[in-house]
Chemist: 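Could you have a look at this structure, given as structure tokens, before my questions?
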Amino acid sequence: MIVTTKELFKAAYGKYAIGAYNINNLEQTMGLFRGCIDSSAPFIIQISKGARSYTDKIMIEGLIRSADQVFPDAIFAVHLDHGDEQTCYDCINSGFYSSVMIDASAEPFEKNVEITKRVVDAAHAKGIVVEAELGKLGGVEEHVSVNEADAKLTDPDQAKKFVELTGCDSLACAIGTSHGAFKFSGTQGLHFDVLSAIQKNLPGFPLVMHGSSSVPQDEVARINAAGGNLKGAKGVDDTQFRRAAELGVTKINIDTDGRLVWTRVHREYFIEHPENFDLRPVGKVFMSEYAKFIADKNAKLGSAGQLEAVRKLVSK
Ligand SMILES: [Zn+2]
């Protein structure tokens, strides 16, 4: 059942966070649905611009429609990840997405407000909700001093103003996470002080954490032992998810970790089975490993075991 992120956030706020997972193909879709059913968790499927053009947007939407039939018990939102204005309108008008993200965070504050407001008006007219972004996530470089890194974090007073001016339904904040596998080159971690100040300014308002893969070191070691070359990869401590959830984070985006599962499974499989040229055996291993990975993340987010409570809430 496809619902809006707004409905999921209402159930989760202050208690746990909903996992938002990017998908690109059939095996990921199957693994995601299986993992969420196995762990009884509501979830958010994210489709990026890249995923829409990897094959064809109709293919990826078709996969999700089919999964909705194959897994009738699943409750999830379909969300555009990091949309530009045009892609947002395309998704809003498609009638399939329940939620879009407009990312104009690279623009100056006023321009970000202007673009976000236009998307919010178009989306709300069709009952679709909008995530916006304020602040700049980045790969934090070793030579950048703490002060410069701090300057990229979301300003709590601006956040309040931004939400009031745009009417967006949730806000992605920069609080110390970064995109990609090469996170936190130093001892940098989540800035709970900033998060707490944002929550104080926006009580009850759903916040979003991007770039929140944990980049498990054993996973990286296995990939490298099987011929990979991922150097210095680090991520977010996923034992901090629950604390972030208590401070108003209702959606946590995890993409890199899932890619690591894919890389590890395929590298190891073909080393162990050099005679194999059938794509299905390795695909089966991947779907099963991906489902386990998803169930494990949902347990860390606190969304595991919440499916029936959410069902009661959305069927009212
Ligand atoms: Zn992101």
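Source: prediction; values computed, not measured. Counting starts at 1 for both ligands and their atoms, in listed order.
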Chemist: State plainly whether the residues K117 and D121 are in salt-bridge range, i.e. N to O under 4.0 Å.
Modeler: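 Answer for the salt bridge query: yes.
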Chemist: Centres of the Y269 and F286 rings: under 6.0 Å?
Modeler: no
Chemist: Of the options F33, Y21, F71, Y97, which is the one that meets F76 in a ring pair (Phe, Tyr, Trp, His ring centres under 6.0 Å)?
Modeler: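 Going through F33, Y21, F71, Y97 one by one, the ring pair (Phe, Tyr, Trp, His ring centres under 6.0 Å) with F76 is satisfied by F33 alone.
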Chemist: Looking at E246 and R243, is there a salt bridge between them, counting it only when a charged N and a carboxylate O are closer than 4.0 Å?
Modeler: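 Salt bridge between R243 and E246, a charged N being under 4.0 Å from a carboxylate O: no.
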Chemist: Would K160 and E164 pass as an ion pair if we require N to O under 4.0 Å?
Modeler: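 E164 and K160: salt-bridged.
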Chemist: Taking the Zn ion (ligand 1) as the center, what protein N, O or S atoms are found at less than 2.8 Å?
Modeler: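 The answer, once waters are left aside, is H82 NE2, H179 NE2, H210 ND1.
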Chemist: Looking at K161 and D157, is there a salt bridge between them, counting it only when a charged N and a carboxylate O are closer than 4.0 Å?
Modeler: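 Here D157 does not pair with K161 in a salt bridge, since their nearest N and O are not under 4.0 Å apart.
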